[in-house]
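Report on one structure; see the data block that follows.
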Amino acid sequence: MADGNTLWHGRFTGGPSEALRALNDSLPFDQRMFREDIAGSRAHVRMLQAVGLLDDAELSEILDALNTVEGEMEQETFDWAESDEDIHTAVERRATELTPAAAKMHTGRSRNDQVANDVRLVAIGEIDSLKEVLASLIKALLNRAEEALEREIYLPGYTHLQRAQPVDLAHHLAAYCWMFLRDIDRLNDTRRRADVSVLGAGALAGSSLPIDPQMVADELGFSNLFANSLDAVSDRDFVADLLYSLSAVGVHMSRMGEELCLWASSEFDFIELDDAFSTGSSMMPQKKNPDIAELARGKAGRLIGNLTGFLTTQKGLPLTYNKDLQEDKEPLFDSCDTVRLTLLALTGMINTLRFNAESMQSSANSPYVAATDLADFLVERGVAFRQAHATIASLVRQSLADGTELFELVHAHDDLGPEAAELLQPGIGRNRRNSHGGSGAVAVAAQLNNLRELVDALP
Ligand code: ARG
């Protein structure tokens, strides 16, 4: 039997077993919520005083005690006790040691509404901080896109990982900016649903005491107040929402990571990674490895695992609070930490890598990459697109079969000729697709202006 009295020992004759403590205690991972827990307690006791459940002296003694507890936790001088089951019990136990008045602190409150409120505050704080880290990556990508536009760098755009049409590097980098901007938008939605105060729901049914949950919500800066106490203590949808939003970030980082790995390979040779953002091999001296990009790809598995794991935890739960819900914290913390770490490393990698313009452009200069432009040339002269496609396809087939340069075949063709053959010159295709949102330099410049405005408005 472990020593120490738990908060709920009154009803029990013996103490909890070691095995129960080892499984049941959440302190090892929920102590990181101490600021949110103490903020919740401050708001709660102010409300208790306002409604007459605490007198002024009791309130000020409890607030002093909470300040001391917070200071000890910040300084890491807090003396954790054997009986501290979770962060809520630890704070209350220590506050009560400091002042007997703290024995009234849990009036009209349960750990069920308390923990749900704490996790909401954590989620909101994490969202605000992760949005900033995401914004840094978007800024890094946009800076590199603006540089690429100025340097007029282009590369082959791919479909099916086959060279398709020449695109501006700026256009390619900007595509990632839009993906990560959507992630910020998703986090904003998630934040809105997390921004609901649930303190005052009690264990599950509210309270017989004259508590004022709206005052607590206002004190803590929440925009909304729960409507149903049963839902309030059992709802963790906002955790699942956040895990999904972070999985979406993870999938985006993973896709970009895969592309960076390809680009850094000798086969592509499109980029060179800075030494500070790549690793070597312990055996093969020639290697420079894109570990950050690989981990960006690998971490997505863990983020998606956190999401599916937690959805599975929730799916069979009857109303209201069940201890299963304690499983919300580890995936939440892990996903936030994982996304933060990965975004920071990717941002450094993007800021410092070098583009190999020559290599990108020579891959894009393959005459076959201009095939669509040849078909469009015919279309502009009134040929139906299907017919134009067939004509160019047969020239490509012939060139591939007998090795005749496509340029010569086009040059000699009655409906094409020298003007069309010019389209096969290196770099010509780069600036042809200037339709809205297209990859031509004119359209890309407009797009980057638009992005710059959005990015500058980010907090
Ligand atoms: N550590 C618990 C959690 O994280 C706090 C709530 C405990 N509630 C209870 N009725 N045992 O969910």
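The analysis underlying the following values was restricted to heavy atoms, covering all of them including side chains, and did not include hydrogens, waters or symmetry mates. These numbers were taken from a predicted model, which means no experiment stands behind them. Order of appearance sets the numbers: ligands from 1, and atoms from 1 within every ligand.
- Using a 4.0 Å cut-off between charged nitrogen and carboxylate oxygen, R193 and D237 do not count as a salt-bridge pair.
- Of the charged side-chain nitrogens involved, at least one lies within less than 4.0 Å of a carboxylate oxygen, so that D274 and R354 count as a salt-bridged pair.
- With M105 as the partner, the side chain to side chain contact (heavy atoms under 4.5 Å, CB included) test is satisfied by one option alone out of T99, L66, T96: L66.
- Between Y176 and W178, the ring center distance fails the sub-6.0 Å criterion.
- Listed by atom number, the atoms of ligand 1 under 4.0 Å from D86 heavy atoms are 1 (N), 2 (C), 5 (C).
- Protein heavy atom nearest atom 2 (C) of ligand 1, with residue, atom name and distance: Q326 OE1, 3.2 Å.
- Near K329, the atoms of ligand 1 lying under 4.0 angstrom from a non-hydrogen atom of the residue are 3 (C), 4 (O), 12 (O).
- Residue-level proximity to ligand 1 for Q114 is absent, since no heavy atom of it falls below 4.0 angstrom.
- A salt bridge is defined here as a Lys NZ or Arg NE, NH1 or NH2 lying under 4.0 Å from an Asp or Glu carboxylate O, and D328 with R236 meets this definition.
- Atom 8 (N) of ligand 1 has as its closest protein heavy atom N112 OD1, 3.0 Å.
- When the heavy atoms of H88, R111, E85 are ranked by distance to atom 11 (N) of ligand 1, first place goes to R111.
- Closest to atom 12 (O) of ligand 1, if we only count protein heavy atoms, is Y321 OH, 2.5 Å.
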